[in-house]
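What follows is a single structure, written as structure tokens, with notes after it.
In what follows, every heavy atom counts, from backbone to side chain, and hydrogens, waters and symmetry copies are set aside. Computed from a predicted model, the values in this text were never measured in an experiment.
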Amino acid sequence: MKPSKAKQKINLFRFSFLLLSICACILVVAGCQPKPASQTPQTATTQRLSIGTTLKLRTLDPADSYEQASATWINNLGDRLYTYQVGTTKIIPQLATELPKISKDGLTYTIPLRQNVIFHDGTEFNAKAMEFSLRRFMENQGNPAVLLTDIVASVQATAPYELTIKLKQPFSAFTALLTFNGMCAVSPKAYELGAGKFKPTSFVGTGPYQLTKYAPDSLKLDIFEKYWGEKPKNQGVDVQFYNSAGNLYNAFSTGGVDIAYQELDSQQIRTLEQQAKSKNWQVTSASGNYVTHWVLNISKAPLNNPEIRKALALIVDRELLAERVRFGQSEPLYSMIPSKFEASKPVFKERYSQNAEKAKQLLTKAGYSQQNPLKIEVWYPSPSPNRELLGNALKAIAQDKLNGILQLEINTVERPVAFANLRKGIYQTFLQDWYADFFDADNFVQPFLDCRQAVGNVCKNGASQNLGSFYYSQQMNQLIDRQRKELNPEKRNQILRQIDEIVAEDVPYIPLFQNKDHAFAQANIQGVVLDPTQQLPLWGIEKR
């Protein structure tokens, strides 16, 4: 087993002590003088960043990655047509040279591309390569493919450095959608077109870093010396995946890693924040684009009964959970859409302010009792200390409020397995954290609720299947289409509020929190910025 960082430091100390002792002997005997520290050349190794995280990778293939665990690394290894200016929600060109020219009917996007860009394997980037990358994103049928397949009619290189994308229908947030990390350019020589043809352990893109090592417990990102843009301020990044939040907390507290990022539990975050001033640690946080839902799988009994789903919604006390589970680091969420968007409407607060008596009535009417309790499984991906606390708190609330009529069984599963199995309908309910792909209310609605192929009211192929709810509603599909086409903001908000009302009636999801994202850095680290999109740009971070 690979030794921990703390153990490495101890061994390094012992080795250094022995080396100094030998040197001291030599100095006495030979009268040599050590070089002043200022004259010692700073090696590349000392300028590498070390980052610790508990989010384990399932894949680094952009066409199959739909999890936060891979988003950060793909975002730093690859370039998309558009990105966000660091620290803001302003969209700027990246592999494009300017914002797209959009036809009057809103269906055709013409995008000029950057020249003199090469991939990590030396392949030239051009419009054909970008066409290949976006077609692969759609045709290989990975988890996020629906982001494009539902709305893109064709992608074509119409000149050596010009890409033309035609949509099936107007979509006001399409430029923002093109910032999604999975839509980065990948080398046509390194990847293949075809359903299921993924490369989870490699990455060949155009970004400022190139992947030089992929291991189950670590990644190594080296600077790509031929990068077209500004070079990173560090000499590379070493990523260590820890198997628990406790190990990550200890690694950061003892100086074993420069930066701790995703996920620590709420108590550990509070402790690090309290110690930050005395330890000179840096605390960076961002909020608003990261939400937590309770996903209910409606494809199987008993959750195919909407009255059962409403009973679950009635027991949730968000204020209590936010205080005792998140220590005030999250806000209650009563809508599918975070409160920062005007379209957000607190429908779950209006309909389901915790009401245990009404929940009992619904469950009793459905045939459940203390002698015949309703047993519901609650799954969450490990390691996720926050969701572990949340699951146990929900279980305690059910026991306390419903006198044994409802029994929640809390289960955990390895994160890569969880995301592979969600679309298979294996989990009865699931505690899901959601990081939006781009800044638009649509991204808190369409990926959860849209589905175009169903049997009865159960989704068989669509976005809601990918997130494990299997929700299907023709009315919902129509409303999603209407809000996407609507260019008048107020009219669009009205449609989004209609969507919220239907969700509160059908309850395929129970929104719980809108959260903050945190990164902690040692005193000698500068330039840590968490984007509002919950991305951690590595290239601007330096070590002193």
Side-chain angles (χ1 to χ4, degrees), residues 57-67 69-71 73-81 94-96 111 113-114 117-166 177-216 219-222 224 226-228 416-417 419-421 423-424 437 461-463 465-466:
L57 277 176
R58 179 183 65 86
T59 180
L60 272 179
D61 193 313
D64 195 34
S65 167
Y66 213 4
E67 306 101 79
S70 50
W73 319 122
I74 292 176
N75 193 53
N76 284 280
L77 289 164
D79 296 320
R80 295 88 73 201
L81 290 169
Q94 193 171 43
L95 288 178
I111 302 171
L113 301 182
R114 188 177 298 279
V117 175
I118 62 171
F119 288 98
H120 299 156
D121 63 356
T123 303
E124 181 189 358
F125 169 79
N126 53 30
K128 282 288 186 186
M130 197 69 231
E131 175 191 319
F132 168 85
S133 302
L134 294 181
R135 282 184 55 203
R136 183 175 182 274
F137 184 88
M138 295 186 287
E139 296 175 18
N140 286 30
Q141 300 178 19
N143 287 331
V146 292
L147 289 174
L148 285 186
T149 54
D150 284 352
I151 57 175
V152 170
S154 67
V155 180
Q156 186 176 9
T158 45
Y161 292 95
E162 179 188 270
L163 192 73
T164 299
I165 302 175
K166 294 191 175 181
L177 175 59
L178 291 174
T179 67
F180 178 63
N181 62 77
M183 296 176 199
C184 63
V186 294
S187 170
K189 288 186 178 178
Y191 294 87
E192 291 181 90
L193 286 175
K197 291 185 176 180
F198 300 119
K199 303 187 74 170
T201 62
S202 62
F203 187 97
V204 184
T206 63
Y209 297 96
Q210 57 184 340
L211 182 69
T212 53
K213 176 188 174 185
Y214 182 107
L219 295 179
K220 184 178 182 182
L221 282 56
D222 288 344
F224 180 44
K226 297 181 180 178
Y227 184 57
W228 59 270
V417 177
F419 288 108
N421 285 341
R423 63 181 287 111
K424 299 176 182 175
D437 308 315
N461 186 15
Q465 177 195 7
N466 292 329

If you compare all heavy atoms of [X] against all heavy atoms of [Y], which two are closest, and at what distance to 0.1 Å?
| X | Y | answer |
| --- | --- | --- |
| Pro62 | Val186 | CG-CG1, 3.8 Å |
| Ile111 | Ala96 | CG2-CB, 3.6 Å |
| Asp61 | Lys199 | OD2-N, 2.7 Å |
| Leu77 | Phe203 | O-CE2, 3.3 Å |
| Ala185 | Ser133 | CA-OG, 3.4 Å |
| Leu95 | Val117 | CD2-CG1, 4.1 Å |

Does [X] reach the side chain of [Y], with side-chain heavy atoms less than 4.5 Å apart?
| X | Y | result |
| --- | --- | --- |
| Leu134 | Leu163 | yes |
| Leu219 | Tyr214 | yes |
| Leu57 | Pro216 | no |

Q: Starting from the C-alpha separation in whole Å, work towards a yes-or-no answer on side-chain contact (heavy atoms from CB on, under 4.5 Å) for Asn140 and Tyr191.
A: CA-CA 11 Å; Asn140 286 30; Tyr191 294 87; over 6 Å; no
Side-chain ([X]) to main-chain ([Y]) donor-acceptor, under 3.5 angstrom:
| X | Y | result |
| --- | --- | --- |
| His120 | Ser187 | no |
| Tyr66 | Ala145 | no |
| Thr149 | Met138 | no |
| Gln210 | Phe224 | no |
| Arg80 | Gln94 | no |

Report the distance from atom [atom1] of [X] to atom [atom2] of [Y], rounding to the nearest 0.5 Å.
| X | Y | atom1 | atom2 | result |
| --- | --- | --- | --- | --- |
| Leu177 | Leu148 | CG | CG | 5.5 Å |
| Met130 | Ile165 | CE | CD1 | 7.5 Å |
| Ser202 | Leu60 | OG | CG | 8.0 Å |
| Ile74 | Leu211 | CD1 | CG | 10.5 Å |

Q | Contact list for residues 177-194, test salt bridge (Lys or Arg N to Asp or Glu O under 4.0 Å), sequence neighbours left out | A |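 Listed once each, the pairs are Glu192-Lys197.
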Pairing residues for [X] by the side-chain contact (heavy atoms from CB on, under 4.5 Å) criterion, not counting sequence neighbours:
| X | result |
| --- | --- |
| Ala157 | Ala127, Lys128, Glu131 |
| Asn421 | Val417, Lys424, Ile426, Tyr427 |
| Arg58 | Asp64, Glu67, Asn143, Pro416, Phe419 |
| Ala129 | Phe119, Phe125, Asn126, Pro188 |

Q. Are Thr123 and Asp121 linked by a side-chain donor-acceptor pair shorter than 3.5 Å?
A.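 Short answer, yes.
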Q) Leu113 and Leu81: side-chain contact (heavy atoms from CB on, under 4.5 Å), yes or no, with the steps? A) CA-CA 8 Å; Leu113 301 182; Leu81 290 169; 3.4 Å; yes
Q: Kindly determine whether Thr206 and Ile118 satisfy side-chain contact (heavy atoms from CB on, under 4.5 Å), including the steps that lead there.
A: CA-CA 6 Å; Thr206 63; Ile118 62 171; over 6 Å; no
Q. For Ser154, which residues count as a side-chain hydrogen bond (donor to acceptor under 3.5 Å, both in side chains) partner, sequence neighbours excluded?
A.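 Ser154: no side-chain hydrogen bond (donor to acceptor under 3.5 Å, both in side chains) contacts found.
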Q: Can you label the angle between the Phe137 ring and the Phe180 ring as parallel, tilted or perpendicular, going by 30° and 60°?
A: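 Perpendicular: the ring planes of Phe137 and Phe180 meet at over 60°.
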